[in-house]
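Shown next, in structure tokens, is the structure this report addresses.
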Amino acid sequence: MLNYIIRRVGYLFVTLIFVMVIGFVIIELPPGSYLEFELQRIRLLGGDLSQAQIKALEIQYGVNDPIYLKFWKWISRFVTGDFGESFEYNMPARTLVFARLPFTIIISVLTLIFSWTVSIVVGVYSATHRRTALDYTITVFQFIGLSVPAFLLALVVMVFAQRTLGLHVGGLYSDQFVNAPWSWDKFVDLLKHIWIPIVVIGAHNTAWLSRVMRSNLLDVLGMQYVQTARSKGLLERRVIWKHAVRNALHPLVMVLGMSLPAIISGETVVAIVLNLPTTGPLYFRALLQQDMYLAASFLVFLAITLLIGNLLADILLAWLDPRIRFE
Amino acid sequence: MEAKTANGQPPVLSINNLKTYFFTDLGVSRALNGVSFDVPYGRVMGLVGESGCGKSVTSLSVMRLVPKPGRIVEGSIIFNRGERTKDGYKVIESVEMTELEANGPKARSIRGAEMGMIFQEPMTSLNPSYTVGNQVAETIILHQDVNRREAMDRAVDIVGRVGLPNPADLVKRYPHELSGGMRQRAMVALALSCRPALLFADEPTTALDVTTEAQILDLMRELQGEMGMTIVFITHNLGVVAQMCDTVGVMYLGRIVEMADVETLFYDPKHPYTAALLRSIPHVGSTTKERLAPIRGVVPDPYATINGCPFHPRCDSFMPGVCDAAVPAETNIGDGHMVRCLLYSDKGEVEDNG
Amino acid sequence: MTEAVPTLPREELIAEPVSEVGLMSQWRLMALRFRRNALAMIGLIGLIIGYTIIALAPFLGPNDYLRQDSNYVSGPPTPIVFHDQTGKFTLRPHAMAITTELDPVAFKFKYVKDESTYHPIKFFVKGDPYTLLGFIKSDIHLFGLDAPNRVYPFGADPLGRCMMTRVLMGGQISMTVGLLGVAMSIIFGSIMGTASGYYGGMIDDVMQRVIEIIASFPTVPLWAALAAALPKSSSTFTPLHRYFLITVILSLVNWTGLARQLRAKVMSYSNSDFTMAALAAGANDRRIIFIHMLPNAASHIIVVAALAIPGMILGETQLSFLGLGIMPPLVSWGALLKDAQQVSVVLQQPWLIIPGVAVIITVLLFSFLGDGLRDAVDPYSI
């Protein structure tokens, strides 16, 4: 087991290097450079620079350096915690990333827990009550959940809440708590708000996972060992939960690697509509404004979050399925 | 009620006119269409037949494990609960299995404790997520008043008795670490962990190679004598039948068409189907010029209804106007030899599927 | 238990096949299973209708999709009734007139229904000129009002453009993005998946790592980053170029799923008897891949492709919603929804969400189709 984990961590670092390369490419892809942006800003402020001054700045920023040297400079600064400057906000990208990332992680993890719990319960129910009215109803909701883009669902929920309930549901806190220091009241207020993004972001994933769970469980229920369990005289409930569900779960853990990126994706987009203080709104704005150091930092950190999530999923899978552990 | 049978022992299992149908979207499939037989204590009853003849459904019906959309529609299954004494089996209670709730407490207390089952596929009949010991001990904890430790000790004991090496270590292994033969031994251990009076073995050696097959059969014979078990042995392999069984029932399309003790059946088959089955297998001493005779045609669609004897379309002794008119009834031709064929009796069944 | 099953004569019972199912080819069997699936057929027929509608979009829409009506900025949908001024029932639908009024309090123009004026809706009327299917020039619309009145069945956007025509035109982009993108993913994914599954070893290792790296990014942010790197619109880089590159970007991330599934299939085929037989018969790699493996995997490729289309459509919708996808003058459903980013706007002009309904219906139909195809190809996978 320990060997397995060490090997996975090794993979993680290899992947991480490539993630950094892609992050770097993203910075370099758009036409124009950091320096040009700076010059524009200075000119805008009314200043002017001589050719020699520009030359000096070019050397300082390494504009004409070969690409590998640029990469090396960027990555060596990155690992020391210097992610570059955000032009738009005129502050280190690091400050902005670390202010926003925790909320993305918290919401994503909560969404994951929510959608797993619901999809296991719903999946088990609909697999064991196949072709009943409730199973068909669940199927209808699953199809709808799979077809509605999360941001649209967010819009509909907000409009509904505002129009029929008269509630303002955007954000994570009520107005009076936004800038307040942490307190029990603020925490309760957070709980009152956070379930909406969780349900909205999780809807798609829940619909998908519960379908996966249903079909996995149906497969497993047809397995010989389920019949063996029944032939022991076990309670049907125990046959389902101990013998069938346990085996239906590991394909679900395997798709965890796919549902995590989907959740983070959904979170970033939904955050714009729901006005959440997470990475999404800032990241997409940075892309639109070509604020590339900020955008790249966000992207790299989203990827790192995912990589760690996948590592945990792999470990969970190995724990669940002895065949992988002894591979 | 306490009818004595051939060997002077009461029947452990007594099935009468059992009908189990599957109600599918395509129609009604009559998997069992009037099956009757008794299995005396300490005997091995063989059920043979081609795929789809209802062998497995018989055992599932008795265990009350018929999967949906199947249902027992008629007939009775009497299971005699009892205890094994020096001079045989003492019946304590006769349970009508068909009247029990399939997943009710009584059916469950019988399943696994007094009736065990071994399945065909050793590769898939053990749960891949739990150790062998866990799975064996689960049955023991369920049916016997023991704690986890004691259950595990008993599991080690039974795993040793089925001939698995180093049982104390083996119970900690997962099924995928064992070979097919070892898994089937583990499955035998699991089925026998509570010393059931009745064991169903559903093609337990079909998926194994010949050497392993012989070992498993020996093991089952040995444990049968040792534990005083009654076995219903389901197979399509007549060689295995000859080796294992005392009595044999030949099934065709949900009915037993011939039943006799194993010697009689092999040397004096009466039903044309039995005779054809026997002709279709090679035997030692046959000359090279002798060709094996396959049975003509295929087993008909289970949804189709055939007038008269279900075997008549494939039968060599077909009598026009007779065999396609009436369904032959069970005819006793002496010495516990039963046959359903109009060659031996002109009695057709009164009520039937027509 | 009397069953209406016909009893066959003895001769026919001996004749081997009991039903003709055993004799059907693989493809005919799949077609049969597909036709029996009601949802799948709804998906197929619905999509055929959908594609017909978007092909005829400029004809079906009552106005030109770019025409800005400064008198009808953010105007509500025109109420359509089946009676005239006198309140008498007519078979011909009538459009209620809408007038603008200055709200003295908010000091804003607001639209008021004029319950006394009704314009009859005419069919095949002359209207804005358009080009159908890229070559048919016409100015006849399926329905409309006599000039100068105009009908806006879905209302108008904040620039006063007809939402209905824009939704129909947006379909031309949104409903083709998925097809094009998936087509590209298939080509890419098939090559990579087959190569990696068949040759294994180094090639397989490298591809597995590449897939892992791509999969380690959250999809939409990665798409967005790539889309943000596209050049700004100019004479050499038109919105149409952008549209094609967006589909490339979508498939660049999407091919991995297909490659992964195909790899698993090909690997299982590599160990199968028919491949062994072909190898023993002296077939070379190319022959085995193209003659023996791909035809066997074809049905799976189709299923995976059909199931990938909804993801592509939703991808485009999200990108354009963020302002990183399709650019004007082209419209897509996502681009139209961009106007509806603010809840306050949606509260005022709920008709801006109509493109979302179109997205949901299309994705739903594709899901039905994909599920139906999967069940038809592999009935045991449930």
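Every chain is numbered from 1, with letters handed out A, B, ... down the list of sequences.
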Cut-off 4.5 Å, heavy atoms of chain A, and the answer for Pro221(C) is both

Under a 4.5 Å heavy-atom cut-off, does chain C meet the side chain of Leu287(A), its backbone, both or neither? both

Under 4.5 Å from any heavy atom of chain A - which part of Leu337(C): side chain

Is there side-chain contact between Leu306(A) and Pro218(C), with at least one heavy-atom pair below 4.5 Å? yes

Closest non-hydrogen atoms of Leu364(C) and Phe143(A), given as atom of the first, atom of the second and distance, are CD1-O, 3.5 Å

Phe154(C): what forms a ring-ring contact (aromatic ring centres under 6.0 Å, His included) with it, not counting sequence neighbours? none

Using heavy-atom distances under 4.5 Å, tell me whether Ile22(A) contacts chain C through its side chain, its backbone, both, or neither. side chain

Under a 4.5 Å heavy-atom cut-off, does chain A meet the side chain of Leu365(C), its backbone, both or neither? neither

With a 4.5 Å cut-off on heavy-atom pairs, point out which of Thr268(A), Ile264(A), Val269(A), Thr305(A) contacts chain C the most. Val269(A)

Check ring-ring contact (aromatic ring centres under 6.0 Å, His included) between Trp255(C) and all other residues, then give those that pass, not counting sequence neighbours. Phe188(C)

Region of Ala340(C) in contact with chain A, defined by heavy-atom distances below 4.5 Å: both

Which bit of Leu152(A) comes within less than 4.5 Å of chain C, counting heavy atoms only: side chain, backbone, both or neither? side chain

Do Val220(C) and Phe284(A) come close enough that some side-chain heavy atom pair is under 4.5 Å? yes

